[in-house]
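Numbered from 1 within each chain, the chains take letters A, B, ... in sequence-line order. Excluded from the calculations below are hydrogen atoms, water molecules and symmetry mates; all remaining heavy atoms, backbone and side chain alike, are included.
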Protein chains: 2
Amino acid sequence: MRFALQEQVFTAGEAMAATGLTRATVLGVCDGLVDAGWLEEVVDGAGVPASKGRPARRYQLREAAGVVVGLDAGESCLTALVADLRGRQLGKRRRNIDSHALGRAGRVAAAQELISRTLSDAGCGASDVLLTVVGVPAPVDSAGLSPAGGEFWQLMNAGFAKALPGAVSIENDANLAAVAEQAQEPSANVATLLSGERFGAGLIVDGRLLRGRQGGAGEMRFLDVFESSPGLGDGGSDGLGALARKWARAEIQSYAGTTSLRELSGDAIQAEDVFQAARGGDPLAADIIGRLGARLARIAVVLSSLLDIERVVIAGGISSAIGPVLEHARRLLPADTGLPLPALVASTLGADAVVQGAVESALIQIRREPLAIFPKAARSGPRTVQEGPAA
Amino acid sequence: MRFALQEQVFTAGEAMAATGLTRATVLGVCDGLVDAGWLEEVVDGAGVPASKGRPARRYQLREAAGVVVGLDAGESCLTALVADLRGRQLGKRRRNIDSHALGRAGRVAAAQELISRTLSDAGCGASDVLLTVVGVPAPVDSAGLSPAGGEFWQLMNAGFAKALPGAVSIENDANLAAVAEQAQEPSANVATLLSGERFGAGLIVDGRLLRGRQGGAGEMRFLDVFESSPGLGDGGSDGLGALARKWARAEIQSYAGTTSLRELSGDAIQAEDVFQAARGGDPLAADIIGRLGARLARIAVVLSSLLDIERVVIAGGISSAIGPVLEHARRLLPADTGLPLPALVASTLGADAVVQGAVESALIQIRREPLAIFPKAARSGPRTVQEGPAA
DNA sequence: GACCTAAATATAAGATCCAAATAAATTCTC
DNA sequence: GAGAATTTATTTGGATCTTATATTTAGGTC
């Protein structure tokens, strides 16, 4: 009942090739999907390459069926993205927030408002939304819930399900980033490291996203055990961006050599400053880059050796500046293992990886079970009263 | 087409309850399986609890359909197990080998001979074997092959497929141990550590066994990176048994205190001696136990934090003596994580975990697709000549 | 217009399953 | 032992999904 062809206008013949089904069956399914409101027949004859034989009937996704919403509900930033059923962006908005000041209800309200505005930008309303997928920086189990013990996790997974438009599904942010990367370049064994403020990984092994009992797969707490955090007592779960900032701020005074980073006020140094200084040849910054690379290399080794991961993607806001760290990490990968080394690459999605993955995930869910969702203004929605054997 | 009820005699009513299908459907399937030779109807009325109504037809697995063979093809030891379709052991043999002296062909020949003898013990022959599952200490991909680069792996995965009776499937040994443990106590997120000479893990996440691109999931090479092997330069991939032995042998001279282990000739010390000395209160042995526990705790932390594993099972020959190491490791698990700690338990299968898992895996494959395999002396095997439209 | 072609339709048939009616085999009751 | 009650087996019809095989249709080309 799933149809793989949804990108553009398609004919029954193409669907037959893609699904292996017979023409009669394909047309039957298309009929059903037209009835349900998911597809519409294209009557406009423009652009047909004038072939021999009877012209094929052509179908396309019915745009009016609705839109999907992706929401990256980070700790300090919300991003909403409205897209049509082909994944084309119709609107996007970003807004900084202070989650700890807002609390759970405040996060939900801020998300509601941001989505509402983004929908306006896109020229549609809440009733057009078929499915909203939310990414949160917390483990999320298959029911959309986070472990009861974690206060931070409960704040992040703030109970969006009832408040957002359309059906709502909640997912871990790194998992969504992995979905986005998987859509960009399919691979059966990838890890996507979401590495800005916190470290989190979306793990795809044997073509499937790992979740774990409570959604904890991909958490990076294990770094705490091995990295005895020289200098700082904080968690190994800090992302590369956070580490670059913290290390720089902590070391500009004690560092023996000269460093351009001192010119900045200590509290003002951001991760981006460190990367930029390193590009300019600053020795302290280069040292920090080296340590970040070493850290990344260790993570890559664990992922590749324990899970046979073939590609490690660094995603998140810092992915555009992460190049030098990757180069350093590549040099540190052990060369003598029997298995090929994982490729270390930077995401091309930048800060939008999570929200793009959210949209992609929504589209995947809809494609998988279109008949479980009612498109807007379906020609025959929930069945009207039937004459029948209800006596 | 799969049937879940195969343990004992069962009725259509029971199968209906188990599968949710209709009586008519269940009986139809049973008919087909009787035809194919997998089931037989029980006519002996003994043991029927004398109920009201028409007596149910009762079916059971047809023992004569064949047997399965499990083979643990370790580096220094082969174990073969012949079992019937209910998993009951019909014969078992173990034999020590020197793989490096035998080479690939020698390993295959030794396996052939061992299986042949075990089949004799069980009162059957090679033609009775439906499926042989082989566990090897090497990564194995879904095609049964090991990475081309690894010389040791190629020696272990010695090309058994063409030489052993029945259909043959090759699997990683730790993965098979995981299957065996899973059969003992089902759980969706378990790691089974096969830890005698070498470390290897069978990882079950979200109810599925992880494989990885080249079958490398569960390899423990990452330990090399973190454990800088104090004292010994050897690989972190050594199992707990190997480490206990190596550490004891290396330290009996340099150890400052008194230790009963000195009474043994250095080259004669085995892992079992260390565990026994520790039970007797020997300080060096206790120290080694402590270090093994610390190592195990670190592994457990990685598995639980990265994969949200809820249970870590220690399997293999040393599992019976591993208790004190587990106790030590449990005390070292961090207490402050938001997620529950993994349970550390010893396997109850001892040295038979892999071979038991091989048999279990064979039975699972047969249950999943009975009609893909022809049972022996099927009443209607490969279809005989049909009158048909073959003109 | 005759002819060709590829697709759409129509029709029949098989497979799979369920639901309901019918038949069979047994125990229980009188 | 006859008949009721009970439980299961068997049969029948139908719904659904799919394939296979005509047959029709909507365009081209000559």
Side-chain angles (χ1 to χ4, degrees), chain A residues 1-5 8-36 38-60 368-372 380 383 386-391, chain B residues 1-5 8-36 38-60 368-372 380 383 386-391:
Chain A
M1 208 45 103
R2 80 181 58 173
F3 58 107
L5 291 163
Q8 279 303 327
V9 176
F10 66 96
T11 67
E14 289 159 15
M16 287 165 63
T19 62
L21 297 176
T22 291
R23 163 163 276 112
T25 310
V26 165
L27 288 173
V29 171
C30 287
D31 264 9
L33 290 170
V34 168
D35 255 27
W38 285 112
L39 292 182
E40 58 192 4
E41 206 170 335
V42 184
V43 285
D44 175 16
V48 203
S51 68
K52 291 190 270 190
R54 176 173 177 168
R57 284 169 67 172
R58 285 144 61 241
Y59 299 90
Q60 65 184 0
R368 185 160 40 208
E369 288 212 61
L371 299 188
S380 68
R383 292 277 175 279
Q386 292 180 322
E387 74 274 278
Chain B
M1 205 47 98
R2 80 181 60 173
F3 59 106
L5 289 164
Q8 279 303 327
V9 176
F10 67 95
T11 67
E14 289 159 14
M16 288 165 63
T19 62
L21 298 174
T22 291
R23 164 164 274 113
T25 309
V26 166
L27 287 173
V29 171
C30 287
D31 264 10
L33 290 169
V34 168
D35 255 27
W38 285 111
L39 292 182
E40 60 192 1
E41 205 170 336
V42 183
V43 285
D44 175 15
V48 203
S51 67
K52 289 192 272 190
R54 174 172 177 166
R57 286 169 65 171
R58 284 145 61 242
Y59 299 90
Q60 65 185 0
R368 186 161 39 208
E369 288 213 62
L371 300 188
S380 68
R383 293 276 175 278
Q386 292 179 323
E387 74 274 279

Check nucleotides 18-21 of chain C for protein N or O atoms closer than 3.5 Å to its own N or O atoms and list the pairs.
unit_1 : atom_1 : unit_2  : atom_2 : d
C:dC18 : OP2    : B:Thr22 : N      : 3.0
C:dC18 : OP2    : B:Thr22 : OG1    : 3.2
C:dC18 : OP2    : B:Thr25 : OG1    : 2.6
C:dC18 : O5'    : B:Thr22 : OG1    : 3.2

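- The side-chain contact (heavy atoms from CB on, under 4.5 Å) check on A:Arg54 picks up nothing, with sequence neighbours excluded.
- Counting all heavy atoms, side chain and backbone alike, A:Trp38 lies closest to A:Pro370 at NE1-O, 2.9 Å.
- Side-chain contact between A:Leu33 and A:Val29: present, with at least one pair of heavy atoms (C-beta onward) separated by less than 4.5 Å.
- B:Val9 and B:Arg58 get closest at one heavy-atom pair: CG1-CB, 3.6 Å.
- Rotation axes derived from the C1' atoms of the five outermost pairs at either end of the helix from C:dG1-D:dC30 to C:dC30-D:dG1 lie 20° apart, to the nearest 10°.
- Applying the side chain to side chain donor-acceptor pair (under 3.5 Å) test to A:Arg57 and every residue at least two apart in sequence or in another chain returns A:Glu41, A:Tyr59.
- Atoms CE and OG1, on A:Met16 and A:Thr22 in that order, are 6.5 Å from each other to the nearest 0.5 Å.
- Between A:Met16 atom CE and D:dC17 atom C1' there is a gap of 16 Å when expressed in whole angstrom units.
- Taking atom CG of residue A:Leu27 and atom C1' of nucleotide C:dT11, one finds them 15 Å apart after rounding to whole Å.
- Taking atom CZ of A:Arg57 as the reference point, atom C1' of D:dG27 lies 16 Å away to the nearest angstrom.
- Atom pair A:Arg58:CZ and D:dG27:P shows a separation of 12 Å (rounding to whole Å applied).
- Residue pairs meeting the salt bridge (Lys or Arg N to Asp or Glu O under 4.0 Å) criterion with at least one member in residues 15-28 of chain A, sequence neighbours excluded, do not occur.
- With rounding to whole Å, B:Phe10 atom CZ is found 15 Å from D:dT8 atom P.
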What does the B/S/- profile of nucleotides 24-30 of chain C look like, 5' to 3', with a 4.0 Å heavy-atom cutoff to protein?
BBBSS--
